[in-house]
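One structure below.
What's counted below: heavy atoms across the whole structure, side chains too, no hydrogens, waters or symmetry copies.
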Amino acid sequence: GNIWAGSYRGLYLITNSNRESEEALLFRSDPEKPEGLTDDVITAFLLDRNKHFWVGTEDGGVLRLSGDYNAIMRKGDKLSTNDFEFEKVSISKQKIGGSEINGIFEQSDVSVWFATKGQGIQLWKPDLNESQTINKESGLDASNVFGIVPDDLGNLWMSTNKGIARYDAVNNDFKFYRPSDGIQGNVFMVNSYYSDQEGYIYFGGRNGFTRFKPERINDNNVLPRIHLKGMAFADKQVGIGDTLHRKVIMPGSLHTLDE
């Protein structure tokens with residue numbers, strides 16, 4: 001098959017017919033070519049099930065290859081960069097994903113999800129030819145989303161700048177996991193996510209990586225009972241009957257006090 005590779009200096013393509021020679025086509029941004037790339041830093045790309053080829057960039061938003069992907073690729077070793085035209089995706093008068101795209105993911109319903117910096121998630125629904133934004137108003141308490149990984153239970157897991165989020169598409173509900181739950185930290189890294197054949201999901205961050213198996217995570221919805229064992233004031237233990245400014249601080253044991 002063909003090999004696509006994104007880099008900090010453009011998008012590379014090694015066609016199947018050129019794999020032995022490793023000769024590659026290099027696509028770069030050019031102000032004089034509006035049908036070309038809008039940015040040289042490529043952060044993500046995806047060929048979806050409808051054969052739309054998407055490209056995400058660091059500062060140029062989302063691009064989509066114009067024309068029939070299969071027809072273009074059938075040219076084989078006769079291909080040149082002139083055979084490719086990219087269009088900046090604009091739906092409902094708004095550019096999908098703003099300027100910086102962190103990842104692209106295709107859901108089972110063939111909707112395409114774009115993880116962005118500063119705008120949460122934007123998804124494109126091909127059957128309706130419209131986009132939708134998922135942000136804080138939708139329950140996603142994070143503006144930066146770095147990666148999206150599905151599990152075998154129908155949920156989507158997302159690495160963000162505020163921990164790991166689990167999205168239940170059936171109930172349209174988010175659950176967040178923070179460092180207190182055992183993850184490596186609040187902030188994760190772009191393009192640092194993976195799922196293996198055993199069902200484990202990996203997210204990489206500034207303090208290492210987090211590995212977990214979704215079906216083994218059980219949420220505890222029972223609120224813990226609070227037990228007060230003592231009181232301290234100015235780093236000094238307060239006892240029953242102790243006073244401050246001639247006022248009794250703790251007239252009785254803690255469990256008998258109303259206020």
Run the side-chain contact (heavy atoms from CB on, under 4.5 Å) check on K236 and D242 step by step: do they pass? CA-CA 11 Å; K236 294 182 178 180; D242 287 351; over 6 Å; no

Approximate separation, where rounding is to 0.5 Å, of S29 OG and D40 CG: 3.5 Å

pair Y193-I201: side-chain heavy atoms closer than 4.5 Å: no

Under a 4.0 Å N-O cut-off, is there an ion pair linking D141 with R178? yes

Specify the closest pair of heavy atoms between G76 and S17, including all atoms of both residues, with the distance to one decimal. C-OG, 3.7 Å

Passing option when W157 is tested against F146, F176, Y167, Y177 for ring-ring contact (aromatic ring centres under 6.0 Å, His included): Y177

Looking at every non-hydrogen atom in both residues, tell me the closest pair between N186 and P179 and how far apart they are. OD1-CD, 3.1 Å

Salt bridge check, K75 against D83: does any charged N sit closer than 4.0 Å to a carboxylate O? yes

Going by atom types alone, do S111 and D109 pair a side-chain donor with an acceptor below 3.5 Å? yes

If we check side chain to side chain contact (heavy atoms under 4.5 Å, CB included) with I148, which of these qualifies: N102, I121, L123, I104? I121

Quick check: does any side chain N or O of N155 sit under 3.5 Å from a backbone N or O of R166, one acting as donor and the other as acceptor? no

Looking at every non-hydrogen atom in both residues, tell me the closest pair between N207 and Q184 and how far apart they are. N-OE1, 2.8 Å

Please tell me whether R216 and Y200 have a donor and an acceptor in their side chains that are separated by less than 3.5 angstrom. yes

Nearest heavy-atom contact between E215 and L153 is CA-CD1, 4.0 Å

Kindly state whether the ring of W54 and the ring of W124 have centres lying under 6.0 angstrom apart. yes

Inter-residue atom distance Q132.CD - Q122.CD, 0.5 Å rounding: 10.0 Å

Could you check whether atom CG of N70 has more than 12 heavy atoms from other residues, nucleotides or ligands sitting under 6.0 Å from it? yes

Relative to each other, are the rings of W4 and Y69 parallel, tilted or perpendicular (30° and 60° limits)? tilted

With the side chain counted from C-beta on, respond yes when F105 and P150 share a heavy-atom pair under 4.5 Å apart, and no when they do not. yes

Is any side-chain heavy atom of L46 less than 4.5 Å from a side-chain heavy atom of V112? yes

For F27 and F86, take the angle between the two ring planes, folded into 0 to 90°, and tell me which bin it lands in: parallel under 30, tilted 30 to 60, perpendicular over 60. perpendicular

